[in-house]
*Asks:* 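One structure follows; several queries about it will come next.
Hydrogens, waters and symmetry mates are skipped; everything else that's a heavy atom, side chains included, is used. In what follows, chains are A, B, ... by sequence order, proteins preceding strands, each numbered from 1.
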There are 2 protein chains.
Amino acid sequence: MPHPPFAVTVDLVVLTVRAGRFCVLLVERGEDPFAGRLALPGGFVHIDEDLPDAAVRELAEETGTGEGVHLEQLATYGTPGRDPRMRTVSVAWLALAPDLPEPTAGTDAAAAHFVPLDDLDERRLAFDHAAILRDGVERARAKIEYSPLATAFCDTEFTVAQLRAVYEAVWGHPLDPRNFHRKVTRTPGFLDETDRTSTVDGGRPARLFRRGTLEVLSPPLTRGDS
Amino acid sequence: MPHPPFAVTVDLVVLTVRAGRFCVLLVERGEDPFAGRLALPGGFVHIDEDLPDAAVRELAEETGTGEGVHLEQLATYGTPGRDPRMRTVSVAWLALAPDLPEPTAGTDAAAAHFVPLDDLDERRLAFDHAAILRDGVERARAKIEYSPLATAFCDTEFTVAQLRAVYEAVWGHPLDPRNFHRKVTRTPGFLDETDRTSTVDGGRPARLFRRGTLEVLSPPLTRGDS
DNA sequence: GTAATAGTGTCTTTCAGACAATATCGA
DNA sequence: TCGATATTGTCTGAAAGACACTATTAC
């Protein structure tokens, strides 16, 4: 039985919503292969390191912290030749983060930036990262339908309008504020009401909520495809 | 940059429905580690081989064929020590198969058998295969809700009752035949009607259907949790 | 005829989508 | 006062769950 020398890496699809835009964290590569192209943050898994630990470590290296960030395994990519240097198998992870401060440039060699997905020409991406990113974005779009995961894009306390803005940015189309409000506030366990309100968006003060304990929404929210 | 020597394997969660029972394909291990225990079929990925190709190859080795079998990547498992011999990262795949003839014992060293999940004591499983199996079963249970994937457990042509039997076996509880019939036959694209009928289950002959072109059911079928 | 299974129809409830109306703030 | 946003309510249509009823076979 052979057990050939594979290199194993983790790649991160870190998504956030900034100013109403759905964004992904990308680094500009300084070296070949793909020098000057954009890449998902990632790196080698250490020989004695568990896969989630490697993902958390890379996330902390790129964003400074993993506080309040949802992290889940996405899929694994291992086509021969995907990295021209050696045979690598990359375990991709999906991270959903609230609007973080711009990543600290000092930590890693290359600076990482959040890029709005609408502005991104995916041909600028290195390796097979365009495919990984597509899979991550589709997973996020699908998963906020039937889970309360959209709250991972919000701060600890948030208004219904802020949560709605997340859905609108991720799905790319507007939702009816009144029906959305009814759905999220009347699904038991989705949101926990606080006794505070927020005025930052003008108009009548909006109640602040926290994420509830519910894990699965049934029936789900619907993208409506329109 | 280190690129340590990992071994990369594929493991298969091959599920089927036999005689109304939800079953998984398992092999009995002949050698240590875990000699005598049950394991998911699998093996090493060749150094020049793509991951889906390795999964298809292992599936053919264990079942004789991959005809009509749905195959999708499940998740990747790489905790240090999961294989006591070396550091391995295993890409697990989920396969949904119609009721195959009992696997040909001659192909591989160990004989593979379909074991009803109800009869399986998961402590008999080797490595971390109990966790992989749980994830695969949960994926299958969830996915037949919103996709026409339950048809992968059926032959090319099947009756509504046979399809319902698949749902009942996978979810583990009975469904109302009349409401189920309405749902699957009146969801456009789910099923294609043929001009043939079947009498094998007694009673009035049942129309035979084939899988339609629909990929996503919305609204989905519901497990009903009851 | 009876037994068995296939398939249709009907009623009720839940819920999404459309949108009117009211509430509470700042200017 | 007005303008903006929050929140509640109302109507309608789609669809699930419960279940009566009809249809077509084997015996």
*Asks:* Between B/His181 and C/dT8, does any side-chain N or O lie under 4.0 Å from OP1 or OP2?
*Replies:*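 It does, given that an N or O in the side chain of B/His181 lies less than 4.0 Å from OP1 or OP2 of C/dT8.
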
*Asks:* A/Arg18 pairs by salt bridge (charged side-chain N to carboxylate O under 4.0 Å, His left out) with which of A/Asp118, A/Asp119, A/Asp99?
*Replies:* A/Asp99

*Asks:* What residues from residues 192-208 of chain A pass a heavy-atom cutoff of under 4.0 Å to DNA chain D?
*Replies:*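 Residues of residues 192-208 of chain A that come under 4.0 Å of DNA chain D are, in numerical order, A/Asp201, A/Gly202, A/Gly203, A/Arg204, A/Pro205, A/Ala206, A/Arg207.
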
*Asks:* Short of 4.0 Å, heavy atom to strand atom, which residues of residues 159-170 of chain A count as contacting DNA chain D?
*Replies:* A/Ala161, A/Arg164

*Asks:* List the residues meeting ring pair (Phe, Tyr, Trp, His ring centres under 6.0 Å) with B/Phe127, not counting sequence neighbours, and say none if there are none.
*Replies:*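 Checked B/Phe127 against ring pair (Phe, Tyr, Trp, His ring centres under 6.0 Å); matches are B/Phe34, B/His129.
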
*Asks:* Kindly write out the residues that satisfy side chain to side chain contact (heavy atoms under 4.5 Å, CB included) with B/Ser147, not counting sequence neighbours, or none if the list is empty.
*Replies:*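 With sequence neighbours excluded, B/Ser147 shows a side chain to side chain contact (heavy atoms under 4.5 Å, CB included) to B/Lys143, B/Leu149, given in chain and number order.
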
*Asks:* Does A/Glu67 have more than 12 heavy atoms from other residues, nucleotides or ligands lying within 6.0 Å of its CD?
*Replies:*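 Counting other residues, nucleotides and ligands, CD of A/Glu67 stays at 12 neighbours or fewer.
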
*Asks:* Is the shortest side-chain N/O distance from A/Arg186 to OP1 or OP2 of C/dA16 below 4.0 Å?
*Replies:* no

*Asks:* What's the spacing between B/Cys23 SG and B/Phe153 CZ if we round to 0.5 Å?
*Replies:*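 One gets 10.0 Å once the value is rounded to the nearest 0.5 Å.
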
*Asks:* Quick one: which protein N/O atoms are closer than 3.5 Å to N/O atoms of nucleotides 12-16 of chain D? Pair and distance per line, please.
*Replies:*
residue : atom : partner  : partner atom : Å
D/dA16  : OP1  : B/Lys183 : NZ           : 2.4

*Asks:* Given atom CG of B/Asp176 and atom C1' of C/dG7, what is their separation to the nearest angstrom?
*Replies:* 12 Å

*Asks:* Using ring pair (Phe, Tyr, Trp, His ring centres under 6.0 Å) as the criterion, list what pairs up with B/Tyr167, not counting sequence neighbours.
*Replies:*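 Listed in chain order: B/Trp171, B/Phe180.
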
*Asks:* Checking only heavy atoms, does the side chain of A/Arg178 share a donor-acceptor pair with the base of C/dA16 at less than 3.5 Å?
*Replies:*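 Per atom types, no contact qualifies.
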
*Asks:* Tell me: CZ of A/Phe209 to C1' of D/dA6, nearest whole Å?
*Replies:*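 Going from A/Phe209 (CZ) to D/dA6 (C1'), I get 10 Å.
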
*Asks:* Tell me whether B/Arg141 at atom CZ has more than 12 heavy atoms from other residues, nucleotides or ligands lying less than 6.0 Å away.
*Replies:*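 Enclosed.
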
